[in-house]
Participant: 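Please see the structure below; I have some questions.
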Number of protein chains: 2
Amino acid sequence: MKVTERKSEIITIASQLFREKGYSAITMRDIAQAMDIKAASLYNHIKSKQEILVLIIIEIAEEFTTVMNQIVSSEVSSIEKIKKVIHLHIDITLRNPDALACLNNDWMHLEDKDLNYFLKMRTDYEENFRKIVKQGIASEQIKNLNQEVIIFSTLSTLRTLYLWYNKAKSLNDKVLKNDLEEILLKGIV
Amino acid sequence: MKVTERKSEIITIASQLFREKGYSAITMRDIAQAMDIKAASLYNHIKSKQEILVLIIIEIAEEFTTVMNQIVSSEVSSIEKIKKVIHLHIDITLRNPDALACLNNDWMHLEDKDLNYFLKMRTDYEENFRKIVKQGIASEQIKNLNQEVIIFSTLSTLRTLYLWYNKAKSLNDKVLKNDLEEILLKGIV
DNA sequence: ATAGTAAACTAACAATTGTTAGTTAAAATT
DNA sequence: AATTTTAACTAACAATTGTTAGTTTACTAT
């Protein structure tokens, strides 16, 4: 199933619009207008509004899943694994901030098997992260604080990176990675 | 302008529904059904769908604004101020997780002066937080890392606390405050 | 040149949207 | 007891929604 030029234009523009007002608030006419065509013309390229959402979200989710699996099964310390997770989020966010916003805010509008597939990936991702943290606490590389609090405080920051994209853009990619690592691992004090 | 019993019921139920699918995806008929009445009956209590959104969001935003102003002008160290900000977020989140989700996800559907008012409060809030961090760096209580990265990593976690409400609920309020303080200030390593 | 394809168009649809008007029944106030 | 208020109802509206059908236009391959 080849993704044509025009089709990926739709996905890009839809991501931007979905990001601004959410999937439900954006109409096919909005998307069409942003592309300077009529709403009906969109259907030459995509099969439904829902398909656009699926294409935006699932690809990103799969990338997270793939790389997280590699990280978990790699032979490095827990701390190094967490650093890799931080880099993963920064990389994807800088490359695709709108799609990430959409993934974060509109995943619940996925339907049927796409929704289930997404939720499975999300749960697995968190479970993998939990594994890393557990391992880190067991090996005393990570402080023995409440595990869930560690997980959510870290993931919260990583998942909402897209909100700070504009500031992050003006930052050097290296500085961002470095300072974020430092803050998430060693705190601000 | 007194808020009647029934009116606050609508606000509570609407918050829950908005949280699940977003403002745009929830219809007046959805809200009515959840209250076991007809959509038209809602208009005996509220003047529009938009008014519901305003009532949900603005009250919370004003509470953040008020308390943040108190914190900034209090005579304690930067670290103590940040601790107070952490407690502020935890307190409001535990008390009102649905409204907070709504504030985070649906603020862009506010209109005209309500939108401007909200954005002003949000900017001021961030500016106040920035002041605290600046002061902390200047007095060498806070590490000299990129200021914006410190701000966004902290606020990201605090703003999405509502996502972890269920886990947080099972936690002791004191433990949550303590561990979150520790993590945000001194890191996990 | 001819035929085929890609991608736009117009027109229209059935369903759903927020909201209003007018009515009714019960509760509260006079 | 009479009146007003509260809060529900039914019915309907005009606008907007995602989508389909059928048509047209221009480029591509034969």
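First the proteins, then the strands, lettered A, B, ... as listed; each starts at 1. Keep in mind that this is a model prediction, so the values were computed, not measured.
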Participant: A/Asp179: what forms a salt bridge (Lys or Arg N to Asp or Glu O under 4.0 Å) with it, not counting sequence neighbours?
Facilitator: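 Once residues adjacent in sequence are excluded, A/Asp179 has no partner under the salt bridge (Lys or Arg N to Asp or Glu O under 4.0 Å) criterion.
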Participant: If the condition is side-chain hydrogen bond (donor to acceptor under 3.5 Å, both in side chains), which residues does B/Asp124 pass it with, not counting sequence neighbours?
Facilitator: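 Applying side-chain hydrogen bond (donor to acceptor under 3.5 Å, both in side chains) to B/Asp124 gives B/Lys120.
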Participant: Would you list the atom pairs, donor with acceptor, under 3.5 Å between side chains in residues 84-94 of chain B and any protein atom, with sequence neighbours excluded?
Facilitator:
residue : atom : partner  : partner atom : Å
B/His87 : NE2  : B/Glu181 : OE2          : 2.7
B/His89 : NE2  : B/Tyr125 : OH           : 2.6
B/Asp91 : OD1  : B/Lys177 : NZ           : 3.0
B/Thr93 : OG1  : B/His89  : O            : 2.6

Participant: Whole angstroms only, please: what is the CD1-C1' distance between B/Ile10 and C/dG18?
Facilitator: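 Answer to the nearest Å: 14 Å.
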Participant: Using the side chain to side chain donor-acceptor pair (under 3.5 Å) rule, collect all pairs that involve residues 53-77 of chain B, keeping only residues at least two apart or in two chains.
Facilitator: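 Listed once each, the pairs are B/Glu62-B/Tyr117, B/Glu63-B/Arg95, B/Asn69-B/Asn128.
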Participant: Evaluate the side-chain contact (heavy atoms from CB on, under 4.5 Å) criterion for residues B/Phe64 and B/Arg122: first the C-alpha distance (whole Å), next the side-chain angles of each, then the deciding distance (0.1 Å), finally the verdict.
Facilitator: CA-CA 9 Å; B/Phe64 274 108; B/Arg122 189 153 170 131; over 6 Å; no
Participant: Using whole Å, what does the distance between atom P of nucleotide C/dG18 and atom CD of B/Glu111 come to?
Facilitator: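 About 13 Å, once rounded to whole Å.
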Participant: Going by side-chain hydrogen bond (donor to acceptor under 3.5 Å, both in side chains), name the residues that satisfy it together with A/Asp114, two or more places apart in sequence or in a different chain.
Facilitator: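 Not a single residue meets the side-chain hydrogen bond (donor to acceptor under 3.5 Å, both in side chains) criterion with A/Asp114.
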Participant: Looking for any heavy atom pair under 4.0 Å, which part of the strands does A/Ile26 touch: base, sugar-phosphate only, or nothing?
Facilitator: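 Touches sugar-phosphate only.
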Participant: What nucleic acid atoms does A/Ile31 come within less than 4.0 Å of, heavy atoms only: base, sugar-phosphate, or nothing?
Facilitator: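 No contact.
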Participant: Whole Å only: how far is the NZ atom of B/Lys49 from the C1' atom of C/dT19?
Facilitator: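 Those two atoms, NZ and C1', are 12 Å apart.
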Participant: Going through the checks in order, is the side-chain contact (heavy atoms from CB on, under 4.5 Å) test met by A/Leu110 and A/Val54?
Facilitator: CA-CA 7 Å; A/Leu110 291 172; A/Val54 173; 3.9 Å; yes
Participant: Would you confirm whether B/Thr157, through its side chain, and A/Ser153, through its main-chain N or O, come within 3.5 Å as a donor-acceptor pair?
Facilitator: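 Yes, because the side chain of B/Thr157 sits within donor-acceptor range (under 3.5 Å) of the backbone of A/Ser153.
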Participant: Starting at NZ of A/Lys7 and ending at C1' of C/dA7, how long is that distance when rounded to a whole Å?
Facilitator: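 That distance rounds to 14 Å.
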Participant: Are more than 12 heavy atoms, taken from residues, nucleotides or ligands other than B/Gln33, located less than 6.0 Å from that residue's CD atom?
Facilitator: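 It does not: B/Gln33 CD has 12 such atoms or fewer within range.
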Participant: CD of B/Glu51 versus C1' of C/dG18: gap in Å, rounded?
Facilitator: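 Taking CD of B/Glu51 and C1' of C/dG18, I get 14 Å after rounding.
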Participant: Taking all atoms of both residues into account, what is the closest heavy-atom pair of B/Leu155 and B/Glu126, and its distance?
Facilitator: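 Result for this residue pair: CD1-CG, 3.9 Å.
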Participant: Which pair of non-hydrogen atoms, one from A/Asp106 and one from A/Tyr23, has the smallest distance, and what is that distance?
Facilitator: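 Nearest pair, atom of A/Asp106 first, then A/Tyr23: OD2-N, 3.0 Å.
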Participant: Which residues pass the ring-ring contact (aromatic ring centres under 6.0 Å, His included) test with A/Tyr162, sequence neighbours left out?
Facilitator: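 ring-ring contact (aromatic ring centres under 6.0 Å, His included) check on A/Tyr162 returns nothing, list empty.
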Participant: Within residues 41-48 of chain A, which residues have any heavy atom lying less than 4.0 Å from an atom of DNA chain C?
Facilitator: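 The stretch gives A/Ser41, A/Asn44, A/His45 as the residues lying under 4.0 Å from the strand, ordered by number.
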Participant: Is a donor on one side and an acceptor on the other found under 3.5 Å between the side chain of A/Gln50 and the backbone of A/Glu111?
Facilitator: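 Pair found, side chain donor or acceptor close to backbone of A/Glu111.
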Participant: Given the rule that a pair is Watson-Crick or G-U wobble with both distances under 3.5 Å, how would you write DNA chain C in dot-bracket, using | for pairs to a different strand?
Facilitator: ||||||||||||||||||||||||||||||
Participant: Is the backbone N or O of B/Ala101 less than 3.5 Å from a side-chain atom of B/Asn105, with the two atoms forming a donor-acceptor pair by type?
Facilitator: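 It does hold such a pair.
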Participant: Nearest heavy-atom pair of B/Ile37 and B/Arg6: which atoms, and what distance?
Facilitator: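 So the two residues come closest at CG2-NH2, 3.8 Å.
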Participant: Let me know the distance between CZ of A/Arg6 and P of D/dC27, rounded to the nearest Å.
Facilitator: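 In whole Å, D/dC27 P lies 14 Å from A/Arg6 CZ.
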Participant: Just the atom pairs and distances: protein N or O near nucleotides 13-15 of chain C's N or O, under 3.5 Å.
Facilitator:
none

Participant: Looking at DNA chain C, which of residues 12-25 of chain B put a heavy atom within less than 4.0 Å of it?
Facilitator: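 The answer is none.
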Participant: Once side-chain hydrogen bond (donor to acceptor under 3.5 Å, both in side chains) is applied, do any residues pair with A/Glu80, and if so which ones, sequence neighbours excluded?
Facilitator: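 Partners of A/Glu80 under the side-chain hydrogen bond (donor to acceptor under 3.5 Å, both in side chains) test: none.
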Participant: Under a 4.0 Å heavy-atom cut-off, which of residues 32-40 of chain B touch DNA chain D?
Facilitator: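 Under 4.0 Å from DNA chain D: B/Ile37, B/Lys38, B/Ala40.
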Participant: Between C1' on D/dT28 and CD on A/Glu5, what's the gap in Å once rounded to a whole number?
Facilitator: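 That distance rounds to 17 Å.
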